*Asks:* 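Supplied in structure tokens, the structure appears directly below.
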Amino acid sequence: MRLLQNMEYDFRIIEERWQHFWQANQIFKANNGADLPPFYVLDMFPYPSGSGLHVGHPLGYIASDIYARFKRHQGFNVLHPMGYDSYGLPAEQYAIETGQHPAVTTETNIKRYREQLDKIGLSFDWSREVKTSDPIFYKWTQWIFIQLFHSWYNQDSDKAEAISTLIKKFEQSGSAAVNAHHNSEAEFSAEEWNSFDKFTQRSILLDYRLAYRAETVVNWCPALGTVLANDEVINGVSERGGHPVEQKKMMQWSLRIRAYAERLLNDLESIEWTDSLKDIQRNWIGKSEGAEIDFKIVDTGDSVRVFTTRPDTIYGATFIVLAPEHPVVNEICTEDQKEEIEAYIQFAAGRSERERMAEVKDVTGAFTGAYAINPISKVKIPIWISDYVLAGYGTGAVMAVPSGDQRDWDFAKKFNLEIIPVIKGQDVSNGADDRKDGELINSGELSGMTVKDAIPKVIDKIEAENLGEKRINYKLRDAVFSRQRYWGEPFPIYYKDDIPYTIDEDKLDEIKLPEIDNFKPTKQGEPPLGRATHWNWNNESGKVVENGKGYPMDLNTMPGWAGSNWYFLRYMMEGNDPKRSDVFVSEEAVKYWRQIDLYMGGAEHATGHLLYFRFITKVLHDLGYIPFNEPAKKLINQGMIQAEDGHKMSKRYGNVINPDDVIAEFGADALRLHEMFLGPIEMHKPWNTKGIEGVSKFIRKLWRLYHDKNGSFSVKEEKATKAELKALHKCIEKVTSDMERSSFNTSVSAFMIAVNELSELNCKKREILEPLAILVSCHAPHVAEELWSLLGNKESISSAEWPNFNAEYLVDDQITYPVSVNGKTRFSIELNAELSKAEIEQAALAHEEAQKWLEGKAPKRVIVVPKRIVNIVV
RNA sequence: GCGGAUGUGGCGAAACUGGUAGACGCGCUAGAUUUAGGAUCUAGUGCCGCGAGGCGUGUGGGUUCGAUUCCCUCCAUCCGCACCA
């Protein structure tokens with residue numbers, strides 16, 4: 001018996017053999033410009049963490065690998081690369097704790113990742129590997145930042161343009177002629193612009209650039225010592241580490257993603273991403289249409305502008321609420337309210353983001369003592385402040401309509417303010433009634449109109465009287481782009497009189513992350529780069545020089561997502577392309593590969609990476625560098641694999657399953673098949689240790705199909721029978737359609753069914769077993785290669801043509817009809833496939849079972865669906 | 001609160017345009033072979049019932065000859081957003 005076992009499939013030897021063969025012969029290297037249609041399959045590249053891969057990570061890699069292999073069989077030139085998102089916080093936190101340089105730990109982790117990935121038998125073209133922390137890569141991340149710096153957003157042409165076109169406009173016509181997305185308060189004529197000195201001009205331009213430096217309210221995380229972008233803050237704490245986050249005004253680099261809000265929203269319709277993911281992005285962009293309306297403040301010449309989506313309810317506006325940070329609060333506040341207002345402002349500022357969120361139900365606020373005039377109803381209403389109104393959204397002020405808005409209602413109740421229903425039938429006794437249609441009441445000249453008609457009417461009126469305008473607002477904020485950390489891309493920026501200048505593009509090779517002795521912030525509170533002794537820029541020599549011998553350079557680094565914005569483009573160039581050192585991606589390469597055809601990765605990146613990388617793609621497109629507007633045509637979110645106990649797989653619970661262990665025991669093919677067999681790719685599902693024995697058994701059964709009882713390879717050249725061809729072609733049809741709709745779990749069942757049937761038929765024929773090997777080769781490439789070579793083939797199975805499906809082999813001359821009585825299946829009859837409807841009906845009714853159910857009565861009706869079913873209605 | 005996804009045997013799941021619900025696999029039961037099995041093979045396995053039969057895809061309703069599939073109601077779980085005016 002032991003002898004026989006040795007003749008069984010030995011994955012240990014065979015898997016290693018083929019992994020070596022693939023690598024030695026560069027089987028999966030993609031060639032640019034090959035005379036085949038291109039197809040680009042990409043996985044989101046991993047951050048190489050210290051704990052290595054667990055069994056959940058490769059799920060997406062295996063699925064995309066199966067798809068890449070399928071496309072190769074179909075005659076596509078497939079680009080399927082991999083790399084590492086190797087800048088990031090964990091390596092740096094580790095460095096702070098241990099003094100170990102992040103570059104060292106990162107390198108160690110990458111090595112470990114590579115070993116683990118190699119063992120899974122993934123068909124990556126490693127010659128194109130990228131690492132975001134590699135100077136030859138991040139040089140181009142810096143270069144892209146420079147392009148953003150030298151661009152502005154022209155809302156007339158609706159795209160980004162070179163900053164030189166903006167300067168020309170200023171020189172010729174001043175600021176009024178420009179319709180830009182900007183955050184400048186300066187207004188000037190052409191003459192004024194031309195008379196400004198260089199510094200003034202540059203500081204104005206800074207407020208127009210796509211990458212701009214400005215004092216903004218940011219999420220400051222004291223524990224991490226850095227600012228964070230909105231998507232890096234979850235429920236008021238940092239995504240990494242869960243540390244508290246405060247709101248703080250700071251001078252920071254930002255990217256003008258808001259300029260792209262509308263395009264990011266609209267273009268979702270042109271891509272095949274899941275509805276849930278599109279919804280998350282839509283929600284995050286948060287478009288809302290409405291109007292801005294000016295309310296005159298009583299006894300002053302000033303007015304306050306509010307944003308509302310419901311201008312039709314303006315007669316129900318019984319007070320105004322300003323954000324505590326609103327700039328007019330101090331000016332309008334009356335003497336006797338001063339103390340109260342100041343106390344409230346202080347209270348609001350002292351509340352952390354977290355507290356504010358937790359205490360949503362508690363209504364707080366203070367009266368300014370000032371009044372405003374409702375511009376439509378002319379009624380005098382009080383002005384309050386409260387932190388339920390956000391300074392950063394809209395105008396930082398609202399007209400409160402307590403009859404229609406629950407927050408306003410709560411506020412009105414607490415402070416005893418008037419509530420006026422403005423829509424017929426509105427019940428405001430227990431809360432606001434936010435109905436969005438109906439007839440207006442208590443609304444002066446608007447009374448009797450419908451909500452739908454009143455909205456444009458009010459907007460027309462305020463526009464005609466110059467009291468405001470129609471307005472679209474987005475929740476999306478510009479992305480804070482600087483981090484006060486070490487392990488990231490340094491900015492290619494130096495400062496002259498506090499004005500930032502970019503380093504020349506041809507000098508970027510000089511701007512490497514400097515070595516420092518300690519990775520913590522400096523004593524003065526500067527970022528870690530403040531510790532570098534050589535971090536000044538000398539323009540004459542074009543070198544980074546000792547501090548004091550040049551202009552100071554930026555001390556920030558870029559966020560983790562800077563490299564992942566554009567890495568997919570870098571893979572498009574061949575690994576040995578000499579242009580790799582001249583361009584971020586060559587024109588030929590982007591023209592050849594175009595977009596990512598299939599992008600595989602987790603849904604947790606919905607509002608971070610997946611939004612930023614669409615944004616940067618659009619910028620690069622606007623600037624004429626790439627011929628497409630969206631990075632990925634189709635996207636699949638693979639689900640998470642939970643541990644068997646239902647928890648998340650993590651060190652903390654001690655429930656982590658390492659793919660290395662699974663491979664050592666069952667082999668890579670079994671791991672691949674099992675991960676797919678767990679369920680649909682996009683679902684979350686628990687790992688199932690026992691279940692792997694099923695697919696492992698399948699592999700041995702497949703192997704035995706090609707071997708005789710003694711374990712010798714035994715495939716004959718005889719003609720296949722009808723039954724054998726049917727088993728094969730059923731499998732071809734099923735697996736092909738499964739592949740096309742990424743149903744990788746059901747194709748595993750199809751393989752099992754085919755192998756079970758062919759084993760039963762004792763089929764040992766090349767005509768059947770050769771195509772079968774190709775069918776399973778995407779899922780289980782090692783055993784398939786071995787069988788393929790035993791069949792006498794010299795080339796890798798990966799380039800074999802996908803078998804053709806022939807429907808003729810599936811045609812039956814006998815069909816088993818299920819016969820149901822009143823919709824319940826009672827028996828089945830075998831009938832000739834050629835029979836007519838009437839003949840089928842006759843045969844079914846004649847059956848003794850049918851007679852039994854009819855009890856001598858005539859059937860009311862008989863439904864016959866040819867080749868499917870018979871239903872007798874009694 | 002808003003938006004989305006998912007609910008099918010003991011378990012993972014399948015059923016693609018409405019047509020034999022539970023394919024395939026795990027587990028379990030019985031048996032064969034074996035010194036032994038955590039190997040292999042055979043048969044069985046949704047629930048209730050001795051049986052005829054009845055019940056059954058989260059709940060309740062509807063459309064249909066026929067519903068896991070289409071429509072409405074409600075419930076549960078998970079994910080995202082959350083004072084966005």
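Remember, it's a predicted structure, so these values are computed and weren't measured experimentally. All chains are named by letter (A, B, ...) in the order of the sequence lines, taking the proteins before the strands, and each is independently numbered beginning at 1.
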*Asks:* What residues form a ring-ring contact (aromatic ring centres under 6.0 Å, His included) with F11(A), not counting sequence neighbours?
*Replies:* none
*Asks:* May I ask you to evaluate whether Y393(A) reaches the phosphate of A85(B), defined as a side-chain N or O under 4.0 Å from OP1 or OP2?
*Replies:* yes
*Asks:* Starting the side chain at C-beta, find the nucleotide from C24(B), C81(B), U20(B) nearest to P818(A).
*Replies:* U20(B)
*Asks:* With sugar-phosphate meaning primed atoms plus P, OP1 and OP2, does V389(A) contact a base, only sugar-phosphate, or nothing at under 4.0 Å between heavy atoms?
*Replies:* base
*Asks:* If a pair satisfies side-chain hydrogen bond (donor to acceptor under 3.5 Å, both in side chains) and one of its residues is in residues 312-327 of chain A, list it, with sequence neighbours excluded.
*Replies:* R310(A)-D312(A), Y315(A)-E445(A)
*Asks:* Is K648(A) atom NZ crowded by more than 12 heavy atoms from other residues, nucleotides or ligands, each under 6.0 Å away?
*Replies:* no
*Asks:* Assign M683(A) to base, sugar-phosphate, or nothing according to its heavy-atom contacts below 4.0 angstrom with the strands shown.
*Replies:* sugar-phosphate
*Asks:* Taking only distance into account, with no hydrogens and no angle test, what donor-acceptor pairs under 3.5 Å do side-chain atoms of residues 866-874 of chain A form with protein atoms, sequence neighbours excluded?
*Replies:*
unit_1	atom_1	unit_2	atom_2	d
N871(A)	OD1	S820(A)	OG	3.2
N871(A)	OD1	G823(A)	N	3.1

*Asks:* When rounded to the nearest Å, what value does the distance between P atoms of A5(B) and G9(B) take?
*Replies:* 22 Å
*Asks:* Considering only nitrogen or oxygen atoms on both sides, find all protein atoms under 3.5 Å from nucleotides 58-61 of chain B and state each distance.
*Replies:*
none

*Asks:* Starting at atom CE of M752(A), determine the distance to atom C1' of A14(B), rounded to an integer number of angstrom.
*Replies:* 13 Å
*Asks:* Please measure how far the P atom in A13(B) lies from the corresponding atom in A52(B), and state the result in whole Å.
*Replies:* 34 Å
*Asks:* In Watson-Crick or G-U wobble terms, both distances under 3.5 Å, what is the partner of U69(B)?
*Replies:* none
*Asks:* Which side-chain N or O atoms in residues 283-294 of chain A pair as donor and acceptor under 3.5 Å with protein atoms at least two apart or in another chain?
*Replies:*
unit_1	atom_1	unit_2	atom_2	d
K287(A)	NZ	E262(A)	OE1	3.1
K287(A)	NZ	E262(A)	OE2	3.0
S288(A)	OG	Y393(A)	OH	2.8
E292(A)	OE1	R305(A)	NH1	3.0
E292(A)	OE2	R471(A)	NE	3.3
D294(A)	OD1	R305(A)	NE	2.9
D294(A)	OD2	R305(A)	NH2	3.3

*Asks:* Ignoring backbone atoms, test whether K824(A) places a side-chain nitrogen or oxygen under 4.0 Å from the OP1 or OP2 oxygen of C65(B).
*Replies:* no
*Asks:* Tell me yes or no: between the side chains of Y817(A) and S828(A), is some donor less than 3.5 Å from an acceptor?
*Replies:* no
*Asks:* What's the gap between U8(B) and U68(B) when it is taken at their C1' atoms, as a whole Å value?
*Replies:* 7 Å
*Asks:* Quickly work out the I869(A) CD1 to G19(B) P distance and round it to whole Å.
*Replies:* 9 Å
*Asks:* Among U20(B), C26(B), G4(B), which is the nearest nucleotide to the side chain of K690(A)?
*Replies:* C26(B)
*Asks:* In whole Å, what is the span from the CD atom of E604(A) to the C1' atom of C79(B)?
*Replies:* 11 Å
*Asks:* Counting only Watson-Crick pairs (N1-N3 plus N6-O4 or O6-N4) and G-U wobbles (N1-O2, O6-N3), all under 3.5 Å, who is the partner of U33(B)?
*Replies:* none
*Asks:* Which nucleotide sits closest to the side chain of I753(A): C24(B), C65(B), U20(B)?
*Replies:* C24(B)
*Asks:* Which of residues 859-866 of chain A sit near RNA chain B, with a heavy atom under 4.0 Å from it?
*Replies:* R861(A), I863(A), V865(A)
*Asks:* Using the C1' atom as the point on both nucleotides, what is the distance between C78(B) and C65(B), in whole Å?
*Replies:* 39 Å
*Asks:* Quick one: list whatever passes ring-ring contact (aromatic ring centres under 6.0 Å, His included) with W273(A), sequence neighbours left out.
*Replies:* none
*Asks:* Could you state the atom-to-atom distance from NZ of K697(A) to C1' of C26(B) in whole Å?
*Replies:* 9 Å
*Asks:* Using the C1' atoms only, state how far U29(B) lies from G46(B), rounded to an integer number of Å.
*Replies:* 16 Å
*Asks:* Please compare Y388(A) and K685(A) by the position of their nearest nucleotide in RNA chain B and report the one closer to 5'.
*Replies:* K685(A)
*Asks:* Output the rounded distance in Å from CG (D279(A)) to P (C81(B)).
*Replies:* 13 Å
*Asks:* Using atom CG of N822(A) as one end and atom P of A67(B) as the other, report the distance to the nearest whole Å.
*Replies:* 11 Å
*Asks:* Determine whether more than 12 heavy atoms belonging to other residues, nucleotides or ligands lie under 6.0 Å from atom CD of Q842(A).
*Replies:* no
*Asks:* Between A21(B) and C72(B), how far apart are the C1' atoms? Round to whole Å, please.
*Replies:* 24 Å
*Asks:* May I ask you to check whether Y388(A) and D410(A) show a side-chain donor-acceptor distance below 3.5 Å?
*Replies:* no
*Asks:* Taking the P atom of each, how far is A39(B) from U45(B), in whole Å?
*Replies:* 23 Å
*Asks:* Write down the distance separating the P atoms in G7(B) and A14(B), rounded off to the nearest Å.
*Replies:* 9 Å
*Asks:* Taking only side-chain N and O atoms of N745(A), does any of them lie within less than 4.0 angstrom of OP1 or OP2 on A14(B)?
*Replies:* yes
*Asks:* Could you list the residues that satisfy salt bridge (charged side-chain N to carboxylate O under 4.0 Å, His left out) with D405(A), not counting sequence neighbours?
*Replies:* R407(A)
*Asks:* Select base, sugar-phosphate, or nothing to describe what R471(A) touches, counting heavy atoms under 4.0 Å on all strands.
*Replies:* nothing
*Asks:* Syn or anti for G31(B), with syn set at within 90° of 0?
*Replies:* anti
*Asks:* Using Watson-Crick or G-U wobble geometry with both distances under 3.5 Å, which nucleotide pairs with G56(B)?
*Replies:* none
*Asks:* Tell me the side-chain hydrogen bond (donor to acceptor under 3.5 Å, both in side chains) pairs involving residues 691-701 of chain A, sequence neighbours left out?
*Replies:* S696(A)-R700(A), K701(A)-N756(A)
*Asks:* Tell me, please, which residues at least two apart from H729(A) pass ring-ring contact (aromatic ring centres under 6.0 Å, His included).
*Replies:* Y809(A)
*Asks:* For L390(A), which contact category applies under a 4.0 Å heavy-atom criterion: base, sugar-phosphate, or nothing?
*Replies:* base
*Asks:* Report each atom pair, protein N/O against N/O of nucleotides 46-53 of chain B, whose distance is under 3.5 angstrom.
*Replies:*
unit_1	atom_1	unit_2	atom_2	d
G53(B)	OP1	K852(A)	NZ	2.8

*Asks:* Measuring to OP1 and OP2 of A85(B), would you say a side-chain N or O of T313(A) lies under 4.0 angstrom away?
*Replies:* no
*Asks:* OP1 or OP2 of A15(B) sitting under 4.0 Å from any side-chain N/O of T746(A)?
*Replies:* no
*Asks:* If the condition is salt bridge (charged side-chain N to carboxylate O under 4.0 Å, His left out), which residues does K475(A) pass it with, not counting sequence neighbours?
*Replies:* none
*Asks:* Mind checking if K475(A) touches a base, just sugar-phosphate, or nothing, with heavy atoms under 4.0 Å?
*Replies:* base
*Asks:* Going by distance alone, is a donor N or O of one side chain under 3.5 Å from an acceptor N or O of the other, for T746(A) and S749(A)?
*Replies:* no
*Asks:* Map P680(A) and I872(A) onto RNA chain B by nearest heavy atom, then report which one ends up closer to the 5' terminus.
*Replies:* P680(A)
*Asks:* Could you let me know what U6(B) is paired to, Watson-Crick or G-U wobble, both distances under 3.5 Å, or none if it's on its own?
*Replies:* A76(B)
*Asks:* Within the pair R700(A) and U40(B), is there a side-chain N or O less than 4.0 Å away from OP1 or OP2?
*Replies:* yes
*Asks:* Is N473(A) touching bases, backbone alone, or none of the nucleic acid, heavy atoms closer than 4.0 Å?
*Replies:* nothing
*Asks:* Assign S749(A) to base, sugar-phosphate, or nothing according to its heavy-atom contacts below 4.0 angstrom with the strands shown.
*Replies:* base
